[in-house]
Amino acid sequence: MIRTRFAPSPTGFMHIGNLRTALYAYCFARSQNGKFIIRIEDTDRTRYVEGAIDRIYRTLDACGMKEDESDRIEGACGPYVQSKRGKIYAEYAKKLIELGGAYYCFCDKERLESLTDEIGNRKYDKKCASLSKEEIAKLLRLGIPYVIRQKIPTCGTTLYTDLVFGEIQVDCADLEDNILLKSDGMPTYNFANVVDDHLMGITHVIRGTEYLSSTPKYNLIYKSFGWDIPQYMHLTPIMKNERQKLSKRDGDANFEDFTAKGFLPQAIINYIALLGWSPKNNTEKMSLSELISAFSIDGLSKSSSIFDEAKMKWLNSQYIKELPFDEFNKLAIPYYENSLIASKYNYSMFSSLLQQRIDILSEIPEMVAFIEQFENFDTELFVRQKLKTDKVLAKLVLPKLIDLFKNLDSFEHQSINDSIISLCENIGLKKGQVYWILRIALTGKESTPGGGIEIALLLGKNRSLERLSLSYSLLH
RNA sequence: GGCCCCAUAGUCAAGUGGUUAAGACAUCGCCCUUUCACGGCGGGUACAGGAGUUCGAAUCUCCUUGGGGUCACCA
């Protein structure tokens with residue numbers, strides 16, 4: 001049985017890169033009829049952020065990824081929060097010492113710092129590795145603070161096969177005797193991840209490449225214990241540009257910032273799935289369940305990829321377009337409420353125009369602002385080379401449009417259209433020319449959520465007339 | 001700096017010794033049209049550089065260059 005895990009640290013918000021790691025682990029497990037486990041890695045209490053765990057679950061829920069075991073879903077391998085597993089680590093650390101894979105270290109901070117070299121790197125010199133049993137017992141009795149360090153062979157190489165990168169080989173001499181158990185009794189990642197992955201029966205470890213070259217070290221621990229080593233899939237980072245990882249600070253890498261901006265969770269999931277992985281058949285728009293059935297390890301990329309919000313926007317627009325109208329309208333309401341038209345109109349009129357022409361929901365306020373906002377605008381907008389319209393033509397047409405609107409019996413789409421057509425015939429202009437002038441005169445905007453008639457209908461007869469007159473006066 | 005890893009267009013990416021080097025986003029042009037948008041059609045743009053191996057290399061090897069990761073009582 002395949003078992004994968006997502007093991008985030010509750011140190012802040014849910015980063016897009018983390019989400020993608022979770023997504024791959026989830027898809028891989030589901031595609032193999034395996035289990036997906038969530039484990040909270042909170043052994044560093046100084047970095048703990050209140051509410052971060054909730055955010056992790058909230059994000060996973062929003063994306064539709066349901067775990068099989070976690071702190072909130074009972075499983076056989078709990079607890080699923082590392083801070084609640086202190087005793088387990090202590091016990092296994094002792095055992096590892098007995099097995100010769102670790103040792104007590106009593107060196108204090110000052111001594112450790114004295115080991116720092118010119119470039120600022122520091123490597124422990126294994127001083128305590130040669131302490132005798134008696135010395136150790138004595139120091140322990142004296143209550144000297146200690147840590148437990150991994151005992152790494154002084155020579156030889158260690159290697160493993162990563163499922164995406166292939167064979168990775170590292171010289172033991174390049175590895176350090178890392179701290180496994182801190183002086184506060186808590187384990188470091190170096191130890192906790194090994195113990196937990198083993199105890200939780202994880203068969204495939206899926207995580208970022210920052211662990212690619214330290215994995216041999218972890219494998220040494222598995223070997224000391226005589227445990228089976230899991231399979232590894234290391235994932236390349238998502239970059240902001242060629243040289244920087246997606247930054248946490250800018251708020252552009254945060255899942256909830258994206259949803260607040262009006263990105264749909266399924267679009268986000270879909271987009272990030274494609275960053276670093278591609279399906280065999282090249283399809284791009286895929287639901288979570290399609291992602292699961294298409295997922296395969298050999299589609300994983302070895303090189304890092306740059307996050308491109310423009311493409312995610314495009315995907316988002318695809319999802320928006322296919323939403324049932326009522327659902328779109330419902331999602332759009334908060335954005336209307338935050339706009340100049342708040343509680344003044346029947347929002348669904350706008351929704352029917354907007355659904356086909358926005359990429360993200362947050363474009364809505366700007367798109368509808370013209371309804372309430374009509375000020376002096378640049379009359380150069382009347383100039384449109386393709387249609388051969390200009391200010392002179394606008395000056396000619398506007399009075400006729402005003403007359404036309406005044407004399408309209410019924411103010412609805414069909415009748416407006418009919419009279420505009422006959423107007424065009426009378427003065428020998430193309431429909432497009434008149435409509436362009438109408439739309440600009442009504443809105444003062446180059447881009448609007450609808451055409452001239454739609455806008456006129458939204459505004460109503462009186463306001464349309466007001467605006468036409470005002471625009472006409474601007475031409476003098 | 002040592003060690004590990006990576007390298008196809010502006011971006012994501014197919015490609016695994018023989019292809020006119022896919023596709024998508026973006027961009028540009030045209031068409032449709034009641035503007036923009038939507039939609040349709042089309043264009044330009046890529047194998048980082050250099051040596052090999054081979055009849056033949058984006059694909060294999062080496063070097064160079066560029067980039068990333070790592071070297072914590074952080075994960």
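Residue numbers begin at 1 in each chain, while the letters A, B, ... track the order of the sequences.
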J.: Between B:U34, B:G39, B:C73, which one does the side chain of A:I453 approach most closely?
T.: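 The listed nucleotide nearest to A:I453's side chain is B:U34.
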J.: Would you kindly check whether a donor in the side chain of A:N282 faces an acceptor in the base of B:A22, or vice versa, at under 3.5 angstrom?
T.: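 A donor-acceptor contact between them is present.
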J.: Please determine if a side-chain N or O atom of A:K430 lies less than 4.0 Å away from the OP1 or OP2 oxygen of B:U34.
T.: no
J.: Please answer whether B:C25 and A:W314 are stacked, defined here as ring centres separated by less than 5.5 Å and planes angled under 30°.
T.: no
J.: For B:G23 versus B:C6, give the span between their P atoms, rounded off to a whole number of Å.
T.: 28 Å
J.: With a cut-off of under 6.0 Å to the ring centre and 45° to the axis, is A:K285 in cation-pi contact with A:Y319?
T.: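 Yes, a cation-pi geometry.
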J.: Considering only B:A37, B:G2, B:C73, which nucleotide approaches the side chain of A:D174 most closely?
T.: B:G2
J.: Under a 3.5 Å cut-off for both distances, is B:C74 Watson-Crick or wobble paired, and to whom?
T.: none
J.: Taking all non-hydrogen atoms of both residues into account, name the closest pair between A:I238 and A:G17 and its distance.
T.: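 Closest approach of A:I238 to A:G17, heavy atoms only: CD1-CA, 4.0 Å.
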J.: Pick out which of A:I360, A:I364, A:L354 makes a side chain to side chain contact (heavy atoms under 4.5 Å, CB included) with A:Y335.
T.: A:I364
J.: Determine whether the aromatic ring centres of A:Y271 and A:F263 lie less than 6.0 Å apart.
T.: no
J.: Any strand counts, and the cut-off is 3.5 Å on both contacts for Watson-Crick or G-U wobble. Which nucleotide pairs with B:A13?
T.: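 Per the H-bond distance test, none.
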J.: Taking any strand in view, what nucleotide pairs with B:A46 in a Watson-Crick or G-U wobble way, both distances under 3.5 Å?
T.: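 The answer is none; no pair meets the criterion.
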J.: Answer yes when A:K311 and A:D308 have at least one side-chain N-carboxylate O distance shorter than 4.0 Å, and no when they do not.
T.: no
J.: Is it the case that the base of B:G1 and the side chain of A:N121 share a donor-acceptor contact (distance under 3.5 Å, atom types as modelled)?
T.: yes
J.: Counting just side-chain N and O atoms, does A:S305 come under 4.0 Å of either OP1 or OP2 of B:A13?
T.: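 Answer yes for this pair, as a side-chain N or O of A:S305 is under 4.0 Å from OP1 or OP2.
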J.: Between B:U70 and B:C36, how many Å separate the two P atoms, rounded to a whole number?
T.: 49 Å
J.: Counting side-chain heavy atoms from C-beta on, which of B:A75, B:A13, B:U70 comes nearest to A:S213?
T.: B:U70
J.: Determine: side-chain N/O of A:R207 to OP1/OP2 of B:G69, distance under 4.0 Å, yes or no.
T.: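 Negative; the distance criterion is not met.
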J.: Given B:A24, is OP1 or OP2 found less than 4.0 Å from the side-chain N or O atoms of A:K311?
T.: no
J.: Any donor-acceptor pair under 3.5 Å between the side chain of A:S183 and the base of B:C73?
T.: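 Looking at the base of B:C73, it does pair with a donor or acceptor on the side chain of A:S183 (distance under 3.5 Å).
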J.: Roughly how many Å apart are B:C30 and B:A37, using the P atom of each and rounding to a whole number?
T.: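 Per the computed distance, 13 Å lies between those P atoms.
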J.: Relative to the 5' end of RNA chain B, which residue comes earlier, A:L387 or A:K217, by the nucleotide with the nearest heavy atom?
T.: A:L387
J.: Using ring centroids (six-membered ring only for Trp), state whether A:Y57 and A:Y80 fall under 6.0 Å.
T.: no
J.: Starting the side chain at C-beta, find the nucleotide from B:C6, B:C12, B:G67 nearest to A:L275.
T.: B:C12
J.: Does OP1 or OP2 of B:A37 have a side-chain N or O of A:K445 closer than 4.0 Å?
T.: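 No.
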J.: Say you pick atom C1' in B:C55 and the same atom in B:C62; how far apart are they, in whole Å?
T.: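 Their C1' atoms lie roughly 22 Å apart.
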J.: Using purine N1 to pyrimidine N3 plus N6-O4 or O6-N4 for Watson-Crick, or N1-O2 and O6-N3 for G-U wobble, both under 3.5 Å, which nucleotide pairs with B:G52?
T.: B:C60
J.: Which part of the nucleic acid, if any, lies within reach of A:D44 when heavy atoms closer than 4.0 Å are counted: base, sugar-phosphate only, or nothing?
T.: sugar-phosphate
J.: A:R243 side chain: which of B:C4, B:A13, B:G68 is closest?
T.: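 Taking heavy atoms from C-beta onward, the closest nucleotide is B:G68.
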J.: Taking only the P atom of each, what is the distance from B:C60 to B:G15 in whole angstrom?
T.: 13 Å
J.: Students often get this wrong, so: under 4.0 angstrom with heavy atoms, is A:R439 touching a base, only sugar-phosphate, or nothing?
T.: base
J.: Just name whichever nucleotide pairs with B:C41, Watson-Crick or G-U, keeping both distances under 3.5 Å, else none.
T.: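 Across all strands, the one nucleotide that pairs with B:C41 is B:G29.
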